[in-house]
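In what follows, every chain begins at residue 1, and chains take the letters A, B, ... in the order their sequences are listed.
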Protein chains: 2
Amino acid sequence: MPRETARGTITLRDVALLAGVSRSAVSRTFTAGASVSDKTRAKVEKAATTLGYSPNALASSLTTGRTKMIGLVSNNFHNPVFLEVFDLFTKGLQARGLRPLLVNLTDEVRPEDSIRLLRAYSVDGVIVASSTLPASFAEGFHDAGVPVVHSFGRHIANPQVNVLGIDNIAAGRLAARTLIERGYQRIAFLGGPATATSTQDRFAGFAEVIRASGLDLSFSYASNYSFDAGRAEMLRLLAAGAPAEAYFCGDDVLSIGALSAIQSSGLRVPEDIGVIGLNDMEMAGWANINLTTIHNPFAQIIAASIDVIAASLNDNSRAPEARLFDCSIVERGTLRPLP
Amino acid sequence: MPRETARGTITLRDVALLAGVSRSAVSRTFTAGASVSDKTRAKVEKAATTLGYSPNALASSLTTGRTKMIGLVSNNFHNPVFLEVFDLFTKGLQARGLRPLLVNLTDEVRPEDSIRLLRAYSVDGVIVASSTLPASFAEGFHDAGVPVVHSFGRHIANPQVNVLGIDNIAAGRLAARTLIERGYQRIAFLGGPATATSTQDRFAGFAEVIRASGLDLSFSYASNYSFDAGRAEMLRLLAAGAPAEAYFCGDDVLSIGALSAIQSSGLRVPEDIGVIGLNDMEMAGWANINLTTIHNPFAQIIAASIDVIAASLNDNSRAPEARLFDCSIVERGTLRPLP
DNA sequence: GATCATTGTGCAACCGGTTGCATTTCAGGG
DNA sequence: CCCTGAAATGCAACCGGTTGCACAATGATC
């Protein structure tokens, strides 16, 4: 008698009974590389399909120690660029048979809670996708023994955890050189929140080059990486009078906010004011935006992040690596052309 | 001797040993409403914190039959509105102690695979967030015995599964009335993909009212809900000559593409051509876009979807419900004002 | 046909918790 | 101080799989 199937779930037992083999045999037919004869495999598969059996991944995780779930943690649920990021991460993880367990950190930056949560769910690894969180956040997972990669995080020489992303300092330098090449003199930095590591680094590289050229540099910060914050800050700058000739904005969405402020005030881009962004999100290429920006190679970074996390699953003692990816200028319509 | 802690995981046993109680006692201190004396609870909690123990949610799911994981399935990873959707879903689920397991269906619409996958992970329920998938997709989960709600799905009278969203037919009517009120005569529908249920319904309502008013109605479809598709289709219409006076576009992102095409061709909005969108995504309110559109009450729909799925977890025999939410016009700058 | 190396198979213990049941502890009442 | 009922506790079986080990079946070799 196939026992009370109270919750209706079909288990290994049921299949074994129907196929007339042991539970081990059923288990083995469903684990790759196990030793099963063609004959029993056939019997088991037949029984499994007639019952509509599919193995319980969570139960097996108990003994194998692997859930094939990856925590995907982010705090950027308002920046359009992150839609591309989620798309690439989910597709990339799925392609490797990994499942993203999503954690929205928007209002919550206490690492302990996320760590406890993701440990409770025994995720095999964690991807922290954020350019604004401090390194300590990802390190918390590492300290808890969970493989982790910090995507879009701050680069440092000897990191505690894997960190993959662009060199924000170099990106700042690139922005500065680009503006200088085009003959801009009164140049400004309109950054994201001053607390974000990405903002700090972009500013550092930018300021270094501008000042080395003997130019003045004014700078200010938007309250966060958002359209409204970019627009508000640019409106403030315009109202204060004597805006700069060109602005390096913290990222694309901030740039778009700034552009809208400039348009509202009747000034023209790039004739009166030039703007360069960073990220090259899809929208930056839209014909009505046409933002000159610095390309952030998301697809590469994400593919590499997944490679690294997958490698860490097999060998958690890997030394953490900090990998940098090159940025490049995408010339569109918000800077005047090279002289 | 606390047994070989090979993988370093701290279990119930370890805590029980240290606290000098049985495993049951430890288990009970961590399950709400169980009967434990204050004294043993204190001992257990002390031991748990010194060991850094946190219960394994997956192991407990084995006996309780609940994982508190919800499959969040979508195929819209390119429409900016979905960033808002993911933000609201993840926050709402987390607030109830539920965890979203994300499934990206972008290139994949075979329901069986997703069903098999989510059953393998024993999710307690599934939310299908898509306005383009057929009802049969969500029904697949229902047939497999998994509670499911289809958010933004097509409304029908006696649904097989919970479906929550706007009344797309009513929205189409609303768009038509809005255009007629403003005196537009040559009116057109620029829809999303003709295969999407949302497109079909919006068209049905829209066409009904336009034709009832004795006006002509021309219509065409973009290849998908995206900026590029909207722009391409509008460029084609403009090149073909004699465009309509006003367009009801399938959604906001399509509208923005169409707007950009109109601007590119030197025509003015709303003087030469009016545009009305649908969704009222964040970006529609950006000052440089300022799209007149129909508000889709995402926050309400998502909150209700979570309520419904949470209720289904306790009682999977609930009769499926189809709930409709009201849309409203958001007046901005892409339609001429009421006469 | 006997011998030996290879698979293939089932038993039983285990992964980390939960829970029904029997037993013990305890507080309050007489 | 004893009795009673309720609360607390531990035992042991179980959730749905996996896996080491011993044994059985199979095939190759001489």
Side-chain angles (χ1 to χ4, degrees), chain A residues 2-45 47-48 51-68 119-124, chain B residues 2-45 47-48 51-68 119-124:
Chain A
R3 187 161 58 119
E4 201 64 26
T5 64
R7 280 210 318 287
T9 33
I10 292 128
T11 79
L12 210 55
R13 274 178 58 108
D14 305 321
V15 178
L17 250 48
L18 180 59
V21 297
S22 74
R23 291 158 59 220
S24 329
V26 179
S27 173
R28 288 184 176 115
T29 55
F30 283 98
T31 56
S35 159
V36 199
S37 72
D38 295 347
K39 205 171 61 183
T40 53
R41 150 158 287 138
K43 280 194 295 189
V44 168
E45 281 175 347
L51 290 176
Y53 168 75
S54 64
N56 181 330
L58 270 23
S60 78
S61 84
L62 220 44
T63 41
T64 61
R66 306 227 159 286
T67 57
K68 293 183 168 256
R119 285 222 311 170
Y121 279 86
S122 311
V123 296
D124 290 348
Chain B
R3 187 161 59 122
E4 200 64 26
T5 63
R7 279 210 316 287
T9 33
I10 292 127
T11 80
L12 210 53
R13 272 180 59 106
D14 305 322
V15 178
L17 249 49
L18 181 59
V21 298
S22 72
R23 292 158 57 221
S24 327
V26 179
S27 173
R28 290 194 246 260
T29 53
F30 284 97
T31 55
S35 158
V36 199
S37 73
D38 293 347
K39 205 172 61 182
T40 54
R41 150 158 289 137
K43 280 194 295 187
V44 168
E45 281 174 348
L51 291 176
Y53 168 76
S54 65
N56 181 331
L58 269 23
S60 78
S61 83
L62 219 43
T63 41
T64 61
R66 306 227 159 288
T67 56
K68 295 183 167 259
R119 285 223 310 171
Y121 279 86
S122 311
V123 295
D124 289 348

For the side chain of [X], starting at C-beta, report the closest nucleotide among [options].
X	options	result
Leu12(A)	dC11(D), dG17(D), dT18(C)	dG17(D)
Val21(B)	dG10(D), dG10(C), dG17(C)	dG10(D)
Arg28(A)	dG16(C), dT9(C), dT18(D)	dT9(C)
Ala25(B)	dG10(D), dG16(C), dG17(D)	dG10(D)
Val36(A)	dT18(D), dT9(C), dG17(C)	dT9(C)

Does a side-chain N or O of [X] approach OP1 or OP2 of [N] to a distance below 4.0 Å, or not?
X	N	value
Tyr121(B)	dG16(D)	no
Ser35(A)	dG8(C)	yes
Ser27(A)	dT18(D)	yes
Thr40(A)	dT9(C)	yes
Ser22(A)	dT9(C)	no
Ser37(A)	dT9(C)	yes

In whole angstrom, give the distance that lies between atom [atom1] of [X] and atom [atom2] of [N].
X	N	atom1	atom2	result
Ile10(B)	dC15(C)	CD1	P	15 Å
Arg13(A)	dG17(D)	CZ	P	11 Å
Leu17(A)	dG10(C)	CG	C1'	14 Å
Arg66(A)	dC15(C)	CZ	P	17 Å
Arg119(B)	dG17(D)	CZ	P	11 Å
Asn56(B)	dG16(D)	CG	C1'	14 Å
Asp14(B)	dG16(C)	CG	C1'	10 Å
Phe30(A)	dG17(D)	CZ	C1'	12 Å

Gap separating the [atom1] atom of [X] from the [atom2] atom of [Y], nearest 0.5 angstrom:
X	Y	atom1	atom2	result
Arg23(A)	Asp14(A)	CZ	CG	11.0 Å
Ser122(B)	Asn56(A)	OG	CG	4.0 Å
Leu12(A)	Leu17(A)	CG	CG	10.5 Å
Lys68(B)	Ser60(B)	NZ	OG	9.5 Å
Tyr53(A)	Arg119(B)	OH	CZ	10.5 Å
Asp38(A)	Lys43(A)	CG	NZ	12.5 Å

TODO: Let me know, please, whether Val26(A) or Arg23(B) comes out on the 5' side of the other along DNA chain D by nearest nucleotide.
DONE: Arg23(B)
TODO: Check whether the side chain of Ser24(A) and the base of dT18(D) form a donor-acceptor pair under 3.5 Å.
DONE: no
Task: Comparing Lys39(B) and Ser54(B) on DNA chain C - which has the more 5′ nearest nucleotide - done: Ser54(B)
